[in-house]
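Only heavy atoms go into these numbers, but all of them, side chains included; no hydrogens, no water, no symmetry mates. All chains are named by letter (A, B, ...) in the order of the sequence lines, taking the proteins before the strands, and each is independently numbered beginning at 1.
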Protein chains: 2
Amino acid sequence: MQRIPKISESEWEIMKVIWRSNPITAEQIVLQLPADIEWSDQTVRTFINRLLKKNAIGFEKSGRSYHYYPLVSEQECVRAESQSFLKRVFGGAADLMVTNFLEDGHLSDKEIEQLQRILMEKQEKKERHPKT
Amino acid sequence: MQRIPKISESEWEIMKVIWRSNPITAEQIVLQLPADIEWSDQTVRTFINRLLKKNAIGFEKSGRSYHYYPLVSEQECVRAESQSFLKRVFGGAADLMVTNFLEDGHLSDKEIEQLQRILMEKQEKKERHPKT
DNA sequence: CCATTAATATTACAAGTGTAAACGGTAATT
DNA sequence: AATTACCGTTTACACTTGTAATATTAATGG
């Protein structure tokens, strides 16, 4: 049983809501899903149930309804998905991927400047901690 | 019928081979798959067939065997997958994604320098073509 | 020309996904 | 107390994916 369960596209939407605020009831999850998602209540509950089965979330009973909370962190899920994506599409080469994003115009000028700041910081940090 | 078909993880492996060299026979595809992939011939042919059905590849008959070639470019598939990944995991925010890759230590120092060069170039280009 | 063989095409089958409806129990309402 | 309304659980069903085995067709060697 691997640490991080495989989370499907739809399930990601549920998880994002739960990570944002938890513990949370099924009803609230439905309400907090992005407006462009139009799933029936039942559908949402199905996804919640599958996430329970996968041990991606847990719950505590509270009277009539359950309050769900994550059992895996967003951090680790993002990392796992990123690795998988990276491997599938770029054969694992992270620099290739980032380069592609830069070249392919996914990023606005403002975003590019932001990145430059981050890179700068990283560089400085490196210089202050040589070979760490 | 959308332009870019959805290509599964296994199918990506096939596509990568076909993009690298085409037209190419099924036999050669089997041979050129990464060594760590151990699929039976039949499995590979199944994937090839599914890609045909999806119109991701085409073929020309040549005697006994077919020679396959891509009908969609790697560029557009990479772009589609990236968009999908971005939307699923980062809610579409490309800068968040790149930042995450930087922060999360996926990149070596050398790669980071490389990126800085690319950003630099982009910046320069922008300055030479103001508001283009 | 026909049998052999090699390559493609069809079929199989379980697990995962998207999308719900139906069922069941418990709490609230009449 | 009986009924309703709500919430979670079970069941459903078609499509995709991973992983092949089997069937069919076409080319090639005799």
- A:Arg79/A:Gln75 under side chain to side chain donor-acceptor pair (under 3.5 Å): CA gap, chis, key distance, verdict: CA-CA 6 Å; A:Arg79 192 173 298 147; A:Gln75 264 283 313; 2.9 Å; yes

- Message: Please classify the nucleic acid contact of A:Thr25 as base, sugar-phosphate, or nothing, using heavy-atom distances under 4.0 Å.
- Response: nothing

- CZ (B:Arg20) and CD1 (B:Ile29) are apart, to the nearest 0.5 Å, by 10.5 Å

- Task: Calculate the interatomic distance between B:Gln42 atom CD and C:dA7 atom P; express it in whole Å.
- Result: 11 Å

- Item | Position toward the 5' end of DNA chain D (nearest nucleotide), A:Phe59 or B:Ser8 | A:Phe59

- Base C:dA7 paired with B:Glu27 side chain (donor-acceptor, <3.5 Å): no

- Message: Any side-chain to backbone donor/acceptor pair from A:Gln116 onto A:Glu113? Under 3.5 Å, distance only.
- Response: no

- Query: Can you find a donor-acceptor N/O pair under 3.5 angstrom joining the side chain of A:Arg50 to the base of C:dG18?
  - Reply: yes

- Query: B:Arg64 side chain N/O closer than 4.0 Å to the phosphate oxygens (OP1, OP2) of D:dT28?
  - Reply: yes

- Test for a donor-acceptor pair under 3.5 Å between the base of D:dA20 and the side chain of B:Thr46, counting only N and O atoms. yes

- Task: Take atom CG of B:Asn49 and atom P of C:dT10, then tell me their distance rounded to the nearest Å.
- Result: 7 Å

- Message: In this structure, how many angstroms lie between the P atom of D:dG18 and the CD atom of B:Glu38, rounded?
- Response: 17 Å

- Query: Hey, mind stepping through A:Thr46 and A:Thr43 against side chain to side chain donor-acceptor pair (under 3.5 Å) and telling me if it holds?
  - Reply: CA-CA 5 Å; A:Thr46 299; A:Thr43 299; 5.8 Å; no

- Task: Have a look at B:Tyr66 and say if it touches a base, only the backbone sugar-phosphate, or nothing, with a 4.0 Å heavy-atom cut-off.
- Result: sugar-phosphate

